[in-house]
Amino acid sequence: MPADVLANVRRRWPGAAESWATQAEMQLRELCERYRATPREVLSARYGFVVAVDTADGPLVIRSSPDPHGKDQAAVAVALAELGIAPRVHEAFSTEHGTWTVLDQVLPGTPLSQADPSAVDPQALFTPLAAMADQPPPTVDMPSILDWLRDRLEDDHLADLRPGTTVASVSERRAALEVLADLTRDHIPALCHGDTSSGNILAHAPNRWMFIDPRGMTGEHSYDVAVLALRVSTVYRSPDLTDVIASLAQTDIERLRAWMKIAQAARV
């Protein structure tokens with residue numbers, strides 16, 4: 001178990017950290033035996049134990065998370081995989097100590113954050129998100145991304161910030177809360193990745209991307225498109241970029257702009 005991961009888990013879930021870490025080591029050995037897998041590399045993660053392994057049928061990733069919402073995250077990962085925009089999930093289960101998922105490894109696996117912007121095709125990046133449009137959530141009792149965003153916008157001392165940012169001003173957050181209230185009026189809970197940050201989007205063969213590590217909440221795919229649009233807007237300087245993205249991802253342009261305003265103020 002990497003020391004930095006265990007330290008992060010101790011800070012976030014102090015009561016669960018030690019038992020989870022002990023169980024994670026044992027469960028990894030059991031899964032390696034089941035899949036006849038050989039551990040190859042511990043992959044970078046903030047709050048999870050993620051190991052790349054080799055099997056006779058190809059490389060897999062075995063992931064353990066102590067997150068209380070891990071079961072919801074796994075359910076979203078399965079739903080996204082069934083749409084072909086996330087790696088295949090071979091197995092997902094929860095124990096009293098955490099949630100485990102066994103997935104195909106995405107190769108070459110270069111995160112969008114480390115990719116050469118000139119080699120990234122916006123069509124390949126945003127078109128997959130269209131598959132999520134109007135898809136139902138995998139379970140009916142998941143938490144909502146709307147509540148999560150509202151809490152962030154109301155927090156004057158938000159600590160979980162996007163790198164290089166500070167808490168948005170009161171006026172910016174208040175305006176975003178008004179926009180969120182407007183969107184809530186006709187919102188229908190649907191399938192949502194919830195965290196389409198550039199570190200969660202991996203290269204998979206030429207001009208294809210896979211979306212990993214979902215947040216495990218209901219929402220709408222326009223929010224996912226908005227978060228990703230904010231990331232690429234710093235690279236692709238085009239006056240009609242938002243319109244192009246909306247068309248590729250099959251989302252309403254005005255709703256996309258509204259979600260972008262909320263995501264920007266929430267520092268996601």
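Positions are given from 1, in the same order as the sequence printed here.
- Under the 3.5 Å distance criterion, the side-chain polar atoms of R88 are left unmatched by any main-chain donor or acceptor of D104.
- Proximity of Q264 to R162: side-chain heavy atoms (C-beta onward) are separated by under 4.5 Å at one or more points.
- Counting only distance, with no hydrogens or angles, the side chain of H204 and the backbone of A86 share no donor-acceptor pair below 3.5 Å.
- A distance-only check finds a donor-acceptor pair linking the side chain of E25 to the backbone of M1 [under 3.5 Å].
- Residue V106 shares its hydrophobic cluster (ILVMFWY side chains chained together at separations under 4.5 Å) with L202, M210, I212.
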- Message: Could you walk me through whether V61 and V102 satisfy the side chain to side chain contact (heavy atoms under 4.5 Å, CB included) test, starting with their C-alpha distance in whole Å, then the side-chain angles of each, then the deciding distance to 0.1 Å, before giving a yes or no?
- Response: CA-CA 6 Å; V61 169; V102 181; over 6 Å; no
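- In this structure the side chain of D156 reaches within 4.5 angstrom of the side chain of R173, judged on heavy atoms.
- Between H193 and F211, the two ring planes are perpendicular [angle over 60°; tilted spans 30° to 60°].
- Side-chain polar atoms of Q23 and T95 form a donor-acceptor pair below 3.5 angstrom.
- Checking side-chain atoms of T127 against main-chain N and O of A124 turns up no donor-acceptor pair under 3.5 Å.
- We find that D186 and R255 are joined by a salt bridge, their nearest charged nitrogen and carboxylate oxygen being less than 4.0 Å apart.
- Between the side chains of Q73 and D213, no donor N or O sits under 3.5 Å from an acceptor N or O.
- Listed here is the closest heavy atom pair of L83 and A131: CD1-O, 3.6 Å.
- Under a 4.0 Å N-O distance rule, the pair E172/R267 qualifies as a salt bridge.
- D134 CG: 12 or fewer foreign heavy atoms inside a 6.0 Å radius.
- Remark: side-chain polar atoms of R63 are not paired, donor with acceptor, to backbone N or O of V50 under 3.5 angstrom.
- Under the 3.5 Å distance criterion, the side-chain polar atoms of D240 are left unmatched by any main-chain donor or acceptor of D243.
- Between C192 and E220, every side-chain heavy-atom pair lies at or beyond the 4.5 Å cut-off.
- For the residue pair T99/S65, the side-chain donor-acceptor check at 3.5 Å is not satisfied.
- In the hydrophobic clustering (ILVMFWY side chains linked at under 4.5 Å, chained through shared members), M26 stands by itself.
- Donor-acceptor pairing under 3.5 Å is lacking for the side chains of T251 and W259.
- Between L256 and S222, the shortest heavy-atom distance links the atoms CD1-O, 3.9 Å.
- When the shell of 6.0 Å around CZ of R12 is examined, it contains more than 12 heavy atoms from other residues, nucleotides or ligands.
- Salt-bridge check for D147 with R150: passed, with a basic side-chain N closer than 4.0 Å to an acidic carboxylate O.
- Between R46 and D4 there is no salt bridge, since none of the side-chain N atoms of the basic residue sits less than 4.0 Å from a carboxylate O of the acidic one.
- No continuous path of hydrophobic side-chain contacts links V227 to L241 [ILVMFWY only; heavy atoms under 4.5 Å].
- L103 is not listed as a side-chain neighbour of H90, based on a closest heavy-atom distance of 4.5 Å or more.
- Criterion: ILVMFWY side-chain heavy atoms under 4.5 Å apart, direct or through other members. Under it, V167 and I262 are not part of a common hydrophobic cluster.
- Residues D54 and L60 fail the side-chain proximity criterion, which asks for heavy atoms closer than 4.5 Å.
- Distance check: K261 NZ to L180 CG gives 12.0 Å after rounding to the nearest 0.5 Å.
- For the residue pair L153 and A266, the shortest heavy atom distance occurs at CD2-N, 3.7 Å.
- No path of Ile, Leu, Val, Met, Phe, Trp and Tyr side chains, each step under 4.5 Å between heavy atoms, connects L129 with L183, placing them in separate hydrophobic clusters.
- A donor-acceptor pair is defined here as one N or O able to donate and one able to accept, closer than 3.5 Å; such a pair exists between the side chain of T196 and the backbone of D224.
- Under the 4.5 Å side-chain criterion, counting only non-hydrogen atoms from C-beta, L191 is not in contact with P137.
- Between atom OG of residue S198 and atom CG of residue L230 there is a gap of 11.5 Å, rounded to the nearest 0.5 Å.
- Atoms CZ and CG, on R11 and N8 in that order, are 4.5 Å from each other to the nearest 0.5 Å.
- Between A258 and V179 the shortest heavy-atom distance is CB-CG1, 3.6 Å.
- Taking hydrophobic clusters as Ile, Leu, Val, Met, Phe, Trp and Tyr residues chained together by side-chain heavy-atom distances below 4.5 Å, V89 does not share a cluster with F93.
- In this structure, the side chain of T165 does not engage the main chain of L161 through any donor-acceptor pair within 3.5 Å.
- Put simply, the side chain of R231 never gets that close to the backbone of A226: no donor and acceptor are under 3.5 Å apart.
- Transitive grouping of hydrophobic side chains (ILVMFWY, heavy atoms separated by less than 4.5 Å) brings V244 and I201 into a common cluster.
- In terms of heavy-atom proximity, D72 sits nearest to G216 at CB-O, 3.4 Å.
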- Is there a side chain to side chain contact (heavy atoms under 4.5 Å, CB included) between V53 and C32 once you walk through the steps? CA-CA 8 Å; V53 303; C32 283; 4.3 Å; yes
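- For the residue pair D195/S197, the side-chain donor-acceptor check at 3.5 Å is satisfied.
- Side-chain contact between L146 and M217 is absent, with no heavy-atom pair separated by less than 4.5 Å.
- Note that the CZ atom of R36 and the CG atom of L31 stand 15.0 Å from one another [nearest 0.5 Å].
- For the pair R215 and W148, the distance from NZ or CZ to the six-membered ring centre is under 6.0 Å and the angle to the ring normal is within 45 degrees.
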- May I have the step-by-step check of side chain to side chain contact (heavy atoms under 4.5 Å, CB included) for W100 and E30, ending in yes or no? CA-CA 12 Å; W100 286 84; E30 291 181 12; over 6 Å; no
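- Although no hydrogens or angles enter the test, the distance criterion places no donor-acceptor pair under 3.5 Å between the side chain of T22 and the main chain of S19.
- Heavy atoms of other residues, nucleotides or ligands lying less than 6.0 angstrom from CZ of R40 number more than 12.
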- Task: Using the side chain to side chain contact (heavy atoms under 4.5 Å, CB included) rule, take L177 and E154 through it: C-alpha gap first, then chi angles, then the decisive distance, then the call.
- Result: CA-CA 8 Å; L177 281 167; E154 292 175 346; 3.9 Å; yes
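- Within the structure, ring pair (Phe, Tyr, Trp, His ring centres under 6.0 Å) contacts touching residues 25-78 (residues at least two apart or in different chains) are W13-Y47.
- Side chains of L228 and Y223 form no contact here, defined as non-hydrogen atoms less than 4.5 Å apart.
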